[in-house]
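Notes to accompany the following structure.
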Amino acid sequence: MRILITSGPTREYLDPVRFLTNASSGRMGCAVAQAALEAGHEVVIVSGPVEISYPAQAQVIWVITTQQMCEACLAEFDRCDGVIAVAAPCDYRPVRQAKHKWRKTGRSRLVRLVETPDILAHLAMRKRHQWMVGFALETRQAQQRAWQKLQQKHCDLMVVNGPAAMHAPDTHIDILDPQGQVVASLAGPKQTVARQLFQIISDRLIRPNR
């Protein structure tokens with residue numbers, strides 16, 4: 001089985017040196033990719049800029065912006081059997097990127113932002129036989145908001161986590177099914193949680209389709 005995994009943050013540049021981003025390290029995406037490889041699957045990772053190293057057995061496609069991540073995922077999706085969207089892509093970009101570095105003027109600066117592409121929503125429109133697992137990082141009404149995302153993006157499972165997991169070696173996640181029920185609550189080192197998560201994905205989504 002060929003599995004597409006998104007990982008890490010994306011960057012939306014304000015000027016040549018400053019950018020908007022999310023505080024994602026890519027560690028969870030890396031751990032999920034390792035778990036999938038250990039289970040004998042082929043893995044394609046679409047990753048934004050990270051300082052970690054991904055497993056050598058995985059194909060890695062490097063991107064910077066959310067638009068680039070979306071395009072790379074769309075290019076790979078038809079050849080994949082499932083997607084696990086672990087990445088934390090930047091949801092907004094500036095309407096215009098300055099050609100030169102902004103300099104201080106002693107005055108406030110207003111920046112107009114627009115939404116970036118919703119990667120999972122775009123993949124959902126192309127979905128045929130594929131299963132889809134999303135990640136939802138929430139700061140309030142976590143399970144309710146995550147379930148809404150699951151429904152809107154036609155995912156088969158949604159993984160809920162919080163900002164404490166970013167750049168941390170450990171994590172805590174809840175896994176929701178399409179009925180909004182919590183399939184499992186997992187906590188611990190990301191490598192351990194990723195293996196447990198992938199086992200649930202395998203049991204619920206991969207084996208039944210074989």
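No experiment lies behind these values; they were computed from the predicted model shown.
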Would you kindly say whether Gln148 and Gln152 are connected by a side-chain donor-acceptor distance under 3.5 Å? no
Side chains of Thr65 and Thr10: any donor to acceptor distance under 3.5 Å? no
At their closest point, which heavy atom of [X] faces which heavy atom of [Y], and how far apart are they?
| X | Y | answer |
| --- | --- | --- |
| Ala33 | Ile45 | CB-CD1, 3.7 Å |
| Tyr54 | Gly8 | OH-N, 4.3 Å |
| Met158 | Phe135 | SD-N, 3.7 Å |
| Ala36 | Ile3 | CB-CD1, 4.3 Å |
| Ala165 | Thr171 | CB-OG1, 3.3 Å |
| Asp177 | Leu150 | O-CD1, 3.7 Å |

Can any side-chain N or O of [X] pair as donor or acceptor with the backbone N or O of [Y] at less than 3.5 Å?
| X | Y | answer |
| --- | --- | --- |
| Lys190 | Cys30 | no |
| Arg126 | Phe77 | no |
| Thr116 | Cys90 | yes |
| Glu76 | Cys73 | no |
| Ser7 | Ser47 | no |
| Asn22 | Pro9 | no |
| Arg18 | Trp102 | yes |

Residue list, salt bridge (charged side-chain N to carboxylate O under 4.0 Å, His left out) with Glu12, at least two apart or on another chain: none
side-chain contact (heavy atoms from CB on, under 4.5 Å) for Ile206 and His41? Distances and angles first, verdict last. CA-CA 11 Å; Ile206 297 177; His41 302 289; 4.0 Å; yes
Identify whether the distance between the nearest side-chain nitrogen and carboxylate oxygen of Lys149 and Glu138 falls below 4.0 Å. yes
Should the pair Asp118-Lys153 be classified as a salt bridge under the 4.0 Å nitrogen-to-oxygen rule? yes
First locate atom [atom1] of [X], then atom [atom2] of [Y], and finally report the distance between them rounded to the nearest 0.5 Å.
| X | Y | atom1 | atom2 | answer |
| --- | --- | --- | --- | --- |
| Leu186 | Gln199 | CG | CD | 11.5 Å |
| Ile5 | Ile61 | CD1 | CD1 | 12.0 Å |
| Asp91 | Thr66 | CG | OG1 | 7.0 Å |

Salt bridge (Lys or Arg N to Asp or Glu O under 4.0 Å) for Asp156 and Lys127? Distances and angles first, verdict last. CA-CA 12 Å; Asp156 299 283; Lys127 183 178 178 180; 3.3 Å; yes
Check each of Gln143, Gln144, Arg145, Gln151 against Trp147 using the side chain to side chain contact (heavy atoms under 4.5 Å, CB included) test, and report the only one that passes. Gln151
Could Arg11 and Phe19 be counted as a cation-pi pair, given that NZ or CZ must be under 6.0 Å from the ring centre and within 45° of the axis? yes
